[in-house]
Amino acid sequence: YSRMALALDTNGFPHVMCGGQNQGFFYTNRTSGSWSSGVSMTSNANDIHPSLVMGLDNVLHLTWFTRDGTRSINYRERSAAGAWSSTETVASAIGNSGDVVDQSPSVALDSDNLPLILYHEQATAHAYVNVKKRTAANTYVDYSPAQGSGAAGHDWSIAVSWAGDWTICGHSDASLSDIEPTCMTRNGGTAGTWGTATKIVSDGRGRDGSQSIRYDPIYPGSSTTIDVTGSDEASTESDWFYNADITGAPPPVLLFSDIITGANSGGESGNGVYITLYGKNFGATQGISTVTVGGVAVPVYKIWGSHN
């Protein structure tokens, strides 16, 4: 069972969950040139399949699967200062129909910088996809696709686009004969609705295995492409990779600024000089977006508009 997960912080440093056979898993990072001492997240050998995502605020979000009894999905987060929260239960008694290797909790951050946690209910052989949004400590709101909509099967995962749309991918309902990689998008995120489940491959061969998706316009990526990769235990094609075109807003473009040099201290609140940036695709509101100068985030934003 997997006990490995990786996320990069805003400086590009790795943060890792790892564990061996018959043990829980540990957290370590390489933020200072060498690997830190491991911090135990859980000593329960039945805690498996961790998933990580790092926010722009350098808060690390962790979700994982506990296969004890009726099985559960759990959550913790690590603050930018390095403090871990207590364990929260995202969903308990999710069912024990189906193999534990078919369960794949996945976590992503939406445009509100809040974690979205995907997992499968295992009360039936369909293994319907569930998506919950953590709005506060120990508070989770259900945004799951409707049962029977096509979001079912095994090992689905979730990603969020530049435009705030949610995309989920996995292999289709295991109770059907054609098990194929399938995706579904919720345009508009929290305020939107789930679209139609679409098979990204449908050649009758069947591909039974885990899926992983990533939307990343920064490293280096594309604003309109989502990357999907997976394994296939059912045929000689043991793994595969696809680029799926999605609808998304283009990344911001900087055209010019009013100054190119200035003090980074003094002035109002000791934050240095004011600078005005002009460009396009900034968005009408700031949301969780930030501007960095020399790798350091700007602390205060007086005005944020579509073009400045």
Side-chain angles (χ1 to χ4, degrees), residues 7-10 51-61 63 75 77 90 105-119 129-136 139-146 149-151 156-170 182-198 200 211-228 243-254 277 279-292 297-298 301 303-308:
L8 301 179
D9 62 27
T10 56
S51 178
L52 290 172
V53 67
M54 181 73 72
L56 292 174
D57 53 4
N58 281 327
V59 174
L60 182 64
H61 304 265
T63 187
Y75 172 87
E77 67 179 31
V90 180
S106 175
V107 60
L109 296 176
D110 74 351
S111 55
D112 297 322
N113 200 36
L114 295 174
L116 304 170
I117 299 167
L118 176 150
Y119 63 95
V129 171
N130 286 262
V131 177
K132 290 189 175 180
K133 178 175 178 175
R134 182 180 184 267
T135 56
T139 303
Y140 296 86
V141 180
D142 194 341
Y143 289 95
S144 302
S149 63
W156 286 58
S157 58
I158 186 167
V160 178
S161 78
W162 188 277
D165 303 327
W166 309 350
T167 297
I168 58 177
C169 293
T182 303
C183 293
M184 179 182 286
T185 296
R186 185 183 178 101
N187 291 321
T190 300
T193 57
W194 289 104
T196 303
T198 302
I200 57 176
Q211 324 286 298
S212 179
I213 65 174
R214 183 175 180 85
Y215 176 88
D216 197 344
I218 300 175
Y219 291 108
S222 163
S223 63
T224 58
T225 299
I226 195 164
D227 297 322
V228 185
N243 290 117
D245 288 331
I246 60 173
T247 300
V253 176
L254 178 63
L277 305 178
K280 58 183 181 179
N281 308 328
F282 290 175
T285 60
Q286 180 184 355
I288 62 171
S289 300
T290 60
V291 174
T292 60
V298 173
Y301 303 84
I303 301 174
W304 189 290
S306 298
H307 301 289
N308 66 285

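Worth saying up front: this structure is predicted, and the values here are computed from it rather than measured.
The backbone N or O of Leu114 sits nowhere less than 3.5 Å from a side-chain atom of Asp112 that would complete a donor-acceptor pair. A side-chain donor-acceptor contact under 3.5 Å links Ser144 to the backbone of Val131.
At a threshold of 4.5 Å between non-hydrogen side-chain atoms, the residues Thr198 and Thr182 do not count as touching. With a 4.5 Å cut-off on side-chain heavy atoms, Asn113 and Asp57 count as touching. Two residues are said to be in side-chain contact when any heavy atoms from C-beta on lie closer than 4.5 Å; Cys169 and Thr167 meet this criterion. Between Leu116 and Val107, the closest side-chain pair of non-hydrogen atoms is not below 4.5 Å.
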Intermediate values then yes/no, side-chain contact (heavy atoms from CB on, under 4.5 Å), Val129 and Leu118: CA-CA 7 Å; Val129 171; Leu118 176 150; 3.6 Å; yes

- request: Run the numbers on Asn58 and Thr10 for side chain to side chain donor-acceptor pair (under 3.5 Å), then give the verdict.
  value: CA-CA 7 Å; Asn58 281 327; Thr10 56; 3.0 Å; yes

task: Please lay out, stage by stage, how Val59 and His61 fare under the test side-chain contact (heavy atoms from CB on, under 4.5 Å).
output: CA-CA 7 Å; Val59 174; His61 304 265; 3.7 Å; yes

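Between Gly164 and Ser111 the shortest heavy-atom distance is CA-CB, 4.4 Å. Residues Leu109 and Gly55 share a closest heavy-atom pair of CD1-CA, 3.3 Å. Listed here is the closest heavy atom pair of Ala108 and Ala159: CB-CA, 4.2 Å. Scanning both residues, Ser106 and Ser51, for their nearest heavy atoms gives CA-OG, 3.6 Å.
Residue Thr185 holds its OG1 atom at 7.0 Å from CG of Asp165, rounded to the nearest 0.5 Å. One finds the CG atom of Asn187 at 8.0 Å from the OG atom of Ser161 (value rounded to the nearest 0.5 Å). How far CG of Asp110 is from OG1 of Thr135: 10.5 Å, rounded to the nearest 0.5 Å. From Glu77, atom CD reaches atom CZ of Arg134 across 4.5 Å, with rounding to the nearest 0.5 Å. Taken to the nearest 0.5 Å, the CG atom of Leu60 stands 10.5 Å off from the CG atom of Leu8.
Separation of the Tyr143 and Trp166 ring centroids falls under the 6.0 Å cut-off.
Ser149 meets the side-chain hydrogen bond (donor to acceptor under 3.5 Å, both in side chains) test with no other residue; sequence neighbours excluded. For Thr193, there are no side chain to side chain contact (heavy atoms under 4.5 Å, CB included) partners, not counting sequence neighbours. For Val90, the side chain to side chain contact (heavy atoms under 4.5 Å, CB included) criterion is met by Ile73, Tyr75, Ile117, Tyr119, Lys132, Tyr140, not counting sequence neighbours.
Using a cut-off of 4.0 Å between Lys/Arg side-chain N and Asp/Glu carboxylate O, Asp142 and Lys133 are scored as not salt-bridged.
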